[in-house]
Number of protein chains: 2
Amino acid sequence: MPSKTINPEDWLAALDASGFRVTTVQQTLIDIFVHSEYPLSAEQAWDAARQSRPKTGRATVYRMVEKLENLGLIRRVHGYQGCSHFVPTLPELMMLFICLDCGRADYLDSQPLDDLIQHSEHTSGHHITDSRLQLFGACADCQHNA
Amino acid sequence: MPSKTINPEDWLAALDASGFRVTTVQQTLIDIFVHSEYPLSAEQAWDAARQSRPKTGRATVYRMVEKLENLGLIRRVHGYQGCSHFVPTLPELMMLFICLDCGRADYLDSQPLDDLIQHSEHTSGHHITDSRLQLFGACADCQHNA
DNA sequence: CGTTTTATTGATACTATGTATCATTTATAC
DNA sequence: GTATAAATGATACATAGTATCAATAAAACG
């Protein structure tokens, strides 16, 4: 995950700006998501959270994941084995690539997707307000190490 | 759903060709999926199946949905309220559009998506073997009736 | 055809994932 | 520092999906 372009401070600021209190659980979870190399499920995030904060409750983590998703800070990964994993959202619009070998997520430029959506809008007559694009395959590293 | 382009006979033939037995449950479920206007979850398909075949078991429906998905006869819809709904797969490659008002699915030409994937492969260095694209918005009908 | 073989089915129990409730705790405002 | 209200954690609950296994039904075979 390109954590260099995501700042935990900004996430706390976003929560604050939305009228939520800034708590230690939040900070713990934000750190977990921002620093993970892989998409995480709520359950995995809970496990991770209890390592540094053993009393963390399960429902709390599920609530926080929902909150972070609603604020657009994390995005759901629509994969093969379900759709319950999340990755941090980058400031810029981007498409997700998931490597089926190592499981890591990579972010690709979404300009081509924007063009595609505009094109589809014109040819279909539908008004497109949102999209989910997920790409799968073997990342550059895994191809070379195969 | 454009059922005119999907033939239940072909589905049964596909199951047969894969070495599976052709049963009444299968025929019931295939009819349900082919004729539904909306994406269906396994649970919804079970409800529908019991209307014409009351003793149909839940696990059977889940197994059959999995089988149909593995054979590529139905596709998972990756939507907002989860990813547990399915639509029939059209013979040609197509992208899915889901109307957020009426819930109906429409199939769009996927050539632009193929181009996008080729382009992303070249610029990223990843080998892309599969994709999931879901578009959301208001369909032509719902825009006019708003 | 009737019989044998074997995949499929249905009932049940179970696991996993996610949600509601509510007393307790903790962050913020005063 | 104290009051207040949101967030938390424990529990119970709800929903979605899976494993098991005896009973059933489709196909193969004589």
Side-chain angles (χ1 to χ4, degrees), chain A residues 9 11-33 39-71 73-74 76-86, chain B residues 9 11-33 39-71 73-74 76-86:
Chain A
E9 308 299 322
W11 289 32
L12 291 170
L15 283 164
D16 197 24
S18 303
F20 297 112
R21 291 185 176 173
V22 176
T23 67
T24 63
V25 190
Q26 281 176 11
Q27 299 177 29
T28 304
L29 275 172
I30 287 172
D31 268 1
I32 288 168
F33 273 106
L40 295 175
S41 65
E43 211 71 20
Q44 291 172 323
W46 184 41
D47 289 342
R50 277 179 300 172
Q51 305 225 345
S52 61
R53 209 170 156 288
K55 285 187 306 179
T56 306
R58 210 168 80 98
T60 303
V61 172
Y62 274 88
R63 278 186 293 239
M64 187 56 53
V65 165
E66 188 188 13
K67 194 176 287 182
L68 292 176
E69 190 190 13
N70 288 340
L71 290 173
L73 296 172
I74 58 177
R76 197 175 282 271
V77 172
H78 294 261
Y80 285 99
Q81 7 279 8
C83 315
S84 50
H85 288 61
F86 297 83
Chain B
E9 309 299 324
W11 290 31
L12 291 171
L15 282 164
D16 196 24
S18 303
F20 297 113
R21 293 185 176 174
V22 176
T23 67
T24 64
V25 191
Q26 281 175 12
Q27 299 176 29
T28 305
L29 276 172
I30 287 172
D31 268 0
I32 288 167
F33 273 106
L40 295 175
S41 65
E43 211 71 20
Q44 290 172 324
W46 184 42
D47 290 342
R50 277 180 300 172
Q51 305 227 343
S52 61
R53 207 169 159 288
K55 285 187 307 180
T56 306
R58 210 168 81 98
T60 303
V61 173
Y62 274 87
R63 277 186 294 238
M64 187 55 55
V65 166
E66 187 187 13
K67 193 177 288 181
L68 293 176
E69 190 191 12
N70 287 341
L71 290 174
L73 296 172
I74 59 176
R76 197 176 282 273
V77 173
H78 294 261
Y80 284 100
Q81 7 280 6
C83 314
S84 49
H85 289 62
F86 296 84

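Quick note: numbers below take in every heavy atom, side chains included, and nothing from hydrogens, waters or symmetry partners. Every chain is numbered from 1 and lettered A, B, ... according to where its sequence line falls, protein lines coming before strand lines.
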Of A/Arg21 and A/Arg58, whose nearest nucleotide on DNA chain C comes first from the 5' end? A/Arg58
Looking only at non-hydrogen atoms, find the nearest pair between [X] and [Y] and report the distance.
{"X": "B/Val22", "Y": "B/Gln26", "answer": "CA-OE1, 3.4 Å"}
{"X": "A/His85", "Y": "A/Ser41", "answer": "CD2-N, 3.6 Å"}
{"X": "B/Ala49", "Y": "B/Leu29", "answer": "CB-CD2, 4.3 Å"}

Outermost nucleotides of DNA chain C that come under 4.0 Å of a non-hydrogen atom of chain A: C/dT17 to C/dT28
In chain order, what residues pass the side-chain hydrogen bond (donor to acceptor under 3.5 Å, both in side chains) check against B/Ser52, with sequence neighbours excluded?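 Here no residue qualifies.
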From the 5' end of DNA chain D to its 3' end, which nucleotides mark the outer limits of contact with chain B, defined by a 4.0 Å heavy-atom distance cut-off (strictly under)?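 Contact span on the strand: D/dA16 to D/dA27.
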At 4.0 Å (heavy atoms only), tell me whether A/Thr23 reaches a base, stays on the sugar-phosphate, or touches nothing. sugar-phosphate
May I ask you to list the residues of residues 11-20 of chain B, by number, that have any heavy atom positioned under 4.0 Å from an atom of DNA chain D?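 Residues of residues 11-20 of chain B that come under 4.0 Å of DNA chain D do not exist, since none gets that close.
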Could you give the distance from CE (A/Met64) to CD1 (A/Ile32), rounded to the nearest 0.5 Å? 11.5 Å
Distance from A/Leu12 atom CG to A/Ile30 atom CD1, nearest 0.5 Å?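 The distance works out to 4.0 Å.
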Go through the structure and list residues passing side-chain contact (heavy atoms from CB on, under 4.5 Å) with B/Arg63, not counting sequence neighbours.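 side-chain contact (heavy atoms from CB on, under 4.5 Å) list for B/Arg63, sorted by chain: B/Ala59, B/Thr60.
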Residues touching DNA chain C, which here means a heavy atom under 4.0 Å, drawn from residues 41-57 of chain B: B/Arg53, B/Lys55, B/Thr56, B/Gly57
Is there a side-chain contact between A/Thr24 and A/Arg53, using heavy atoms and a 4.5 Å cut-off? yes
Any side-chain heavy atom of A/Leu15 within less than 4.5 Å of one from A/Arg21?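 A/Leu15 vs A/Arg21: side chains apart.
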Nearest-nucleotide comparison on DNA chain D, the residue closer to the 5′ end among B/Glu66 and B/Thr24: B/Glu66
